[in-house]
Each structure stands twice: as C-alpha cells, then as structure tokens.
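No experiment lies behind these values; they were computed from the predicted model shown.
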Amino acid sequence: MDSIRKQVTDNLEQLLDILPPRIKNSLELCGGLEQLVEIVMDLGRLPEARYFDSTKYLTDDPITKEDLAHCVKQVGEFGGDNRAGIERTLHRISAIRNRKGEIIGLTCRVGRAVYGTIAMIRDLVETGKSILLLGKPGMGKTTALREIARVLADDLNKRVVIIDSSNEIAGDGDIPHPAIGRARRMQVSQPELQHQVMIEAVENHMPEVIVIDEIGTELEALAARTIAERGVQLVGTAHGNQLANLIKNPTLSDLIGGIQSVTLGDEEMRRRGLPQKSILERKAQPTFDIAVEMWERYRWAVHSDVAGTIDMLLRDRDPGRQIRSVSDGGEVTTTEEKPKNPEVMRNPAVKGWRATGKLKPIPLDPQVQMRSEVTNLSSKISQTSVAEINESSDEDVEEFSDIASYNAIQERFGTLYVYLYGVSRHQTEQVIQSINLPIEVTKDLDEADIVLALRSQIRTSSKVRQVAEARQIPIHAIKTSTLPQINRALRRILHIDESPADTITDLNMFAYGDSEDEIEALEETRLAVEQIVIPKGQPVELLPRSSVIRRMQHELVEHYQLRSESYGSEPNRRLRIFPNS
C-alpha cells in the first residue's frame, strides 16, 4: 500500500510570542509542543495547555484582564464571528465576551499545515467529483481541506478558489499562507454573507474547484447546490460524525439530496412490505458525490456513492463503507466493511444463478393439466345455500382431458364473477391475468357468482354473510391474502388441477415492490425449483436475502406446493427449498 510522508509547518513561535511571558515560558518548559492543540485563557482561571491526549495547567496564577489585553493587542481585528488571527500564519484566536461585549476569555488554536495527509483519499480527489468531509471538531477537517486545495491547484493544475469565512484555511492577513499553493482565496467580510461570496466566486472568477469550510446554514447549502449544478467541483466540510446525521438535520439535508415524507396508498404499502404508509425518500441528487467520515485523525470511512448510501439509510439498511487508515509506520490500508443487512447488487444483464453459470433458463411446456369437468356454476348456485369451502377441501371428479387452455372454459361456461371481501383486488387480478382465468372481479355483490373472502374477516362480518345467504351466493374462504392462496382458491373454484409444473409467466405478481433485486431473487427461486428441486429431487439453498425478500420467496415456493425454511442468522439468513418426499 501507499505510505504517507508528512511534513508539518506550524509557525508555532509566532503564536507563543503573543502570549504573556510567564505563560510562554511555562509552555516551553512543559515541552511536547508538536502535540499542542490550543491554549485556553479564561479570566480568573488558571491557563490551560491542551494536547492531543492530555491537558496541563501552565501557571499557579489565574488569568487577569492585563493578560487578555496583552494577547488581543498583538493579533488582528476580531470579526463578527469573534475570531482573529496572526498574519501569514494559520493560528486562530477565538474570543469569549461578556454581556457588555468585553473579552473575558481566549482560545488560541494552533494551526498547522500538514503536507501529505490526503494520500488516504488522493484517488478520490483526482476523480473530479465533489467531496464532503464530515467529522467532529478537532478531527483535522480544515487541515485536510487546505491540503486538498494545494494538491488540486499545484499538482493537478486546476483553477481553485477557497471561500475562507474566518481566514482559517489560508491564514490571517491579505496574503494567503503558502500551504494552499497556487489556490486563490476569497475572504468573507461577515460570516452570514458566505453564501453570497460562494456564488460571486463562480460568477466572477471562473473556478474549476470551489473549497468551502464549515457549511452550516440553509443558504450556504443552497448555494453549494447551485455551484454543483454549474459543473464546478466542490470540496467542503460540515459538522456531523456520519451521513446519517445530515438526514436528521433539516438545515443541511439538501447537501445529500433533501429528504421528503411520502404517503403511500394501501396497495403500494403492501407491495413494498412496509408496516406504515408514511416513508422518507430522497428528493433530488445529492450536492456531493462522495462523503468521507473522519472518525479519527487517521482513520476515515469513505462512501463513494452518496446517493446510494442515503437511499439505503432511508430504508433502514446498513450501506457498508470503505475504511481507510494510516498505521504508525505511515502505511495506508484500505478495507471494505460489508453491510450488515446487504441488498443484492443490481445487474440487469445477468440475474440470479445465471451469473455463476449454475443455471440456465429453459422453456417449459405451456400446456396445463386439468381434471374434473367444470360443473355448471349457475345451477350449483340455485341449489346451494351459503357454504364455506375450505381451501383444503377435495372432491371426487371425472377426468377432463380435451381442454388445452383456460380460454376453453370461458367458451363453454362464460365468465365467473367474484366478489372480494378482505382479499386484495390487485393480487387477485394479477393471478387472473397471469394464467388467463375466465374470472372477473366485481364490486357489486348482487352480480357475484361467488364470494372470495378472508377467513378472519368473514367470520366477524354477519352483514356480508346475511346478504350472501339471502342471494344464495357461495362463500369461499382463504386464510391469508397471498398470491399462492388466491391462486389456489380460484383454481379450486373452477375445479382446475393445481399442477406445480404450471409456467409462471410474470414474477412481478409475487413481488411486493418494483425493484430489480426483488425480481432477481424470485428468478433465482424459480430456476432453483424448476431445474433442481422438482426434476432432480434435491434440496437447494439460495443466496442470503433480507426478511422481506425471503417472504416473497416463501410465497413463490408455496405456489409450487413445496416446503421451504429459513436458515442462518442475519445478515446471512437464507432460504432452503425441499423436494416433496
């Protein structure tokens, strides 16, 4: 792997020179200045030196107003964000004021230019895609941003403009720090005007890359989207440990495409296998193509497809990520962290087991086997009172061998009108159309020849029973409103043999949604059943799937009158199909 060769420039002497002499001397005696992060001086308290992994008090005497005044006198003017700097350095001095506007505390942050840090993500920078850096304060976001700007400007010869709201990227003063290379810097007079300067940079200076630190307002997020839509590469930072934080942040959610609430209809909710109607969806393409979560200073998580990651998070799935880290010896290592509840990768050209060459689809005989001549339903209705026909019922029937398709039934006996109660109309029509049954669904109970009802609901509904009894309409009850049970019920109503060899012409009738991974999983199941389980009598274990997709596969296996069970633990839980003994 590549290795990082770091070169650090911190101009630390210039920061120490603004401190009161007793504090400066104490710092130098403590040593470890290369690990120093900031010096904190609050009125009436002991001065503190904060390092990467520890904190030390510098003197036994508390800070006085004279100490604070000594520091303030030697730094630049404090802006509207209460920040100042030391000219031609990257150090940042931030003030705390009382209610009268007087400075009663200072945070003197050490600014370092670290060359070589972006070796971890240099390949991403060179793609030309927009990159968002996320991480809590102190993780080195600004340091990385500064180095990215230099590499893009000096090594890749791009026109880079930095929007420097607090002079933190390129240092204080009118001449930028050499750490940004040939990149240009635009200062922001007031922090609340940063979004205007962002648009001005694009309109006036023809940049190829815009670098922005700390995108924090809705206006800045909208300005970033405008810039990205003009074809300019964006490199920016935002506070937040992970992409999931931005989903919950209405101010910055536009950076990842915006989030909207969508209300689904009953049928669509069932098709997707969701427990509720209201779901969250992404509104548009994200402003940033790539996101980097800075977990530690030299351990970063990379999401190379922000759109895909956000979609997975909104569906309560773990998207997985690429982990990049640097060892103590400077070696860069990259590991792929697999999602805990993975989705199948989509490939419209090759699906299921065909991708491995194990199975190839073969045409099946479209002829269907039928037994029992269909009884004249109209005469049956006139002779029969309300009867609940259980799906397990079986009748003695005569052989009927001359009919080659269901169309012949319609020619001989006409269309059967079915009234649905508690059973999905959409699913029923799917079954009817898929195998071309001579059945039509009616909304008028008076027109119905038979009632197809959900058993749990028909038992509690005396009104439907009374109406059906008065009109002498038979009731056929099924346990659940699933495609296999509806298919079996309609076949039994017509006395048609439920042959497992029937061709399934449309797998969409078993899918809850319309995604390609659902169809792929069903295609895998169909091929496994039709080419291994039935002809060879051997059990088959399918690929790991999510619980929703496994439910679809169970229903499809049930259509073939076979048994299936789920084995393993998440995320590797999978279906096993057994032949009939």
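For the residue pair Ser278 / Ser261, no side-chain donor-acceptor distance below 3.5 Å is found, with atom types taken as modelled. For the 3.5 Å distance criterion, the side chains of Thr335 and Gln322 fail to qualify, holding no donor opposite an acceptor. Remark: the Glu565 side chain and the Tyr567 side chain contain an N/O donor-acceptor pair separated by less than 3.5 Å.
Taken from OG1 in Thr127 to CG in Asp289, the straight-line distance is 7.5 Å, to the nearest 0.5 Å. Separation of atoms OH (Tyr298) and CE (Met120) is listed at 9.0 Å; rounding is to 0.5 Å. Put simply, CZ on Arg225 and CZ on Phe288 are 10.5 Å apart, with the number rounded to the nearest 0.5 Å. Of the inter-residue distances, the one linking Asp254 atom CG with Ile256 atom CD1 reads 9.0 Å to the nearest 0.5 angstrom. Once rounded to the nearest 0.5 Å, the distance linking NE2 of His426 with CD of Glu429 reads 8.5 Å. Distance check: Thr428 OG1 to Leu420 CG gives 4.5 Å after rounding to the nearest 0.5 Å.
Considering all non-hydrogen atoms of both residues, Ala224 and Leu234 come closest at O-CD1, 3.1 Å. Contact detail for Leu252 and Ala238: the closest heavy-atom pair is CD1-CB, 4.3 Å. Between Gly135 and Lys141, the shortest heavy-atom contact is O-NZ, 2.9 Å. When all heavy atoms of Pro579 and Gly537 are compared, the closest pair comes out as CG-O, 3.3 Å. Residues Ala221 and Thr251 share a closest heavy-atom pair of CB-O, 4.0 Å. The two residues Ala528 and Leu542 make their nearest non-hydrogen contact at CB-CD2, 3.8 Å.
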Original post:
Are Ser424 and Ser481 close enough, and set up right, to give a side chain to side chain donor-acceptor pair (under 3.5 Å), and what steps lead you there?
Top reply: CA-CA 6 Å; Ser424 168; Ser481 181; 5.0 Å; no
Original post:
Given the rule in the side chain to side chain contact (heavy atoms under 4.5 Å, CB included) test, do Ile259 and Ile310 qualify, once you have shown the distances and angles that lead to the verdict?
Top reply: CA-CA 10 Å; Ile259 309 300; Ile310 296 303; 4.3 Å; yes
**OP:** Assess whether side chain to side chain contact (heavy atoms under 4.5 Å, CB included) is satisfied between Arg425 and Lys443, documenting all intermediate values.
**Re:** CA-CA 10 Å; Arg425 180 187 180 94; Lys443 296 182 180 179; 3.6 Å; yes
**OP:** Give the intermediate values and the outcome of side chain to side chain contact (heavy atoms under 4.5 Å, CB included) for residues Ile247 and Asn249.
**Re:** CA-CA 6 Å; Ile247 294 177; Asn249 187 338; over 6 Å; no
**OP:** Evaluate side chain to side chain contact (heavy atoms under 4.5 Å, CB included) for Ile478 paired with Val423, printing each intermediate quantity in order.
**Re:** CA-CA 9 Å; Ile478 59 175; Val423 179; 4.0 Å; yes
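Residues Val235 and Ile212 have side chains not in contact (no heavy-atom distance under 4.5 Å, counting atoms from C-beta outward). Side-chain contact check for Ile534 versus Leu562: some heavy-atom pair is nearer than 4.5 Å. A heavy-atom distance below 4.5 Å is not found between the side chains of Leu575 and Val540. Between Leu246 and Leu132 the shortest side-chain heavy-atom distance falls below 4.5 Å. Put simply, the side chain of Val125 does not reach to within 4.5 Å of the side chain of Asp123, judged on heavy atoms. Put simply, the side chain of Met552 does not reach to within 4.5 Å of the side chain of Leu556, judged on heavy atoms. Annotation: side chain of Pro286 is not in contact with side chain of Leu255 (no heavy-atom distance under 4.5 Å). Side-chain atoms of Val557 and Arg563, non-hydrogen and from C-beta on, never get closer than 4.5 Å to each other.
Under the 4.0 Å criterion applied to side-chain N and carboxylate O atoms, Arg550 and Glu570 are assigned as salt-bridge partners. Remark: Glu524 engages Arg545 in a salt bridge, criterion side-chain N to carboxylate O under 4.0 Å. A salt bridge links Arg122 and Glu126; the closest N-O separation between the charged side-chain nitrogens and carboxylate oxygens is under 4.0 Å.
Under the 3.5 Å distance criterion, the side-chain polar atoms of Arg297 are left unmatched by any main-chain donor or acceptor of Met139. In this structure, Arg282 contributes its side chain and Ala284 its backbone to a donor-acceptor pair below 3.5 Å. Proximity of a side-chain donor or acceptor of Ser564 to a complementary backbone N or O of Ile577 within less than 3.5 Å is not detected. Looking at Thr237, its side chain never comes within 3.5 Å of a backbone N or O of Leu133 through a donor-acceptor pair. Using modelled atom types, one side-chain atom of Asn245 and one backbone atom of Asn241 make a donor-acceptor pair closer than 3.5 Å. Thr525 contributes a side-chain N or O that, together with a main-chain N or O of Ala521, makes up a donor-acceptor pair within less than 3.5 Å. In terms of modelled atom types and a separation under 3.5 Å, the side chain of Asp449 and the main chain of Tyr417 share a donor-acceptor contact.
Partner of Leu452 under the side chain to side chain contact (heavy atoms under 4.5 Å, CB included) criterion, chosen from Ile475, Val441, Ile439, Val418: Val418. When each of Arg574, Arg573, Arg576, His554 is checked for a side-chain hydrogen bond (donor to acceptor under 3.5 Å, both in side chains) with Ser566, only His554 meets the rule. Here the rule is side chain to side chain contact (heavy atoms under 4.5 Å, CB included) with His303, and of Arg321, Met312, Gln242 only Arg321 fits it.
Crowding of Lys129 atom NZ: a count of heavy atoms from other residues, nucleotides or ligands under 6.0 Å not exceeding 12.
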